[in-house]
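Notes follow the structure.
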Amino acid sequence: LISWNTMIQAYADHGDLENAAMVFKASREKNLATLNAMLVASSKSGNLEESKGIFDQMPEWDVISWTTMITAYTQHGHLDAARRIFVKMPVQSTISFTALLCGFLDNFELIPAKALFERFPERDLVSWNRMVSAYAQAGHIPLSKKLFDTMPERDVVSCTALVTVYAHLGYGLTAIESFQTMAMDAVHPNDVTFLGVFVACAHLGQVAEIYAYLASMEIDYGIVPTQDHYSCIVSALGRLGQLKAAMEMIQRMPTAGT
RNA sequence: CUAGUAAUUC
């Protein structure tokens, strides 16, 4: 029974609603977690009508069912419906709150989101992180920086959010600054962080730095470069006119650079 | 066992 639920989840993660539904039908016994897993699967595939159907037919609901339904509604822009579920829930968990908050932010409703955020007492790291990244993505740099400085604690996701958003907006220097600040906060960068760093270097035209960061990533942090790192670096070198270097980098890639 | 955050370049 437990492994069935896990299998439904696995298919859901791959966006394979059909196989998830097959496992669901094949499972002899179903508990609340089974139904929730199926609800998640349909929600991830973006099938709101089906999610509603499953939800309405459930004999009982728990925090996970409600939270999943909140996510399903916000994915389709139905913020009012999502909010209604949140208000009606007997217990409003922090995760449910964050799901609703993210729904507002995903739909670019920054002002209502901020009001929501300020009104709710239990704000965990995830909700802070999403607030910071959403405001930065919208170009509200000072506000996002202020949120970042105000939050009770920062982790890799918080710092990486700043680095990558700055890098993509073309604020290369600010991105690198944020990256360097991580070391002072004793936050370890990860593979995603370095993707942002490479993008920043590309904007700054810093060829030598790209190699330095790549080496540091491998040696200091033990991060093995992925295909994403290589493609990011190759196109950065290419755009900076370093065609030879770009070719050499392609040769270095583990999986055939054909 | 099942629910909410960062990234994959232009």
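Chain A is the first sequence line, chain B the second, and so forth, proteins listed ahead of strands; every chain is numbered from 1.
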Distance-only, no hydrogens or angles: does the A:Ser93 side chain make a donor-acceptor pair with backbone N or O of A:Ser96 under 3.5 Å? yes

A:Thr226 near the nucleic acid: base, sugar-phosphate alone, or nothing, with a heavy-atom cut-off under 4.0 Å? nothing

Ion pair A:Asp106/A:Arg130, N-O distance below 4.0 Å: yes

Can you give one letter per nucleotide of nucleotides 2-7 of chain B, going 5' to 3': B for a protein heavy atom under 4.0 Å from the base, S for sugar-phosphate only, - for none? BBBBBB

Does any N or O in the side chain of A:Arg123 come within less than 3.5 Å of the main-chain N or O of A:Phe117, such that one atom is a donor and the other an acceptor? yes

Would you say that more than 12 heavy atoms from the other residues, nucleotides or ligands in this model lie under 6.0 Å from the OH of A:Tyr171, or not? no

Assess whether a salt bridge exists between A:Lys114 and A:Glu118, defined as any Lys/Arg side-chain N lying under 4.0 Å from an Asp/Glu carboxylate O. yes

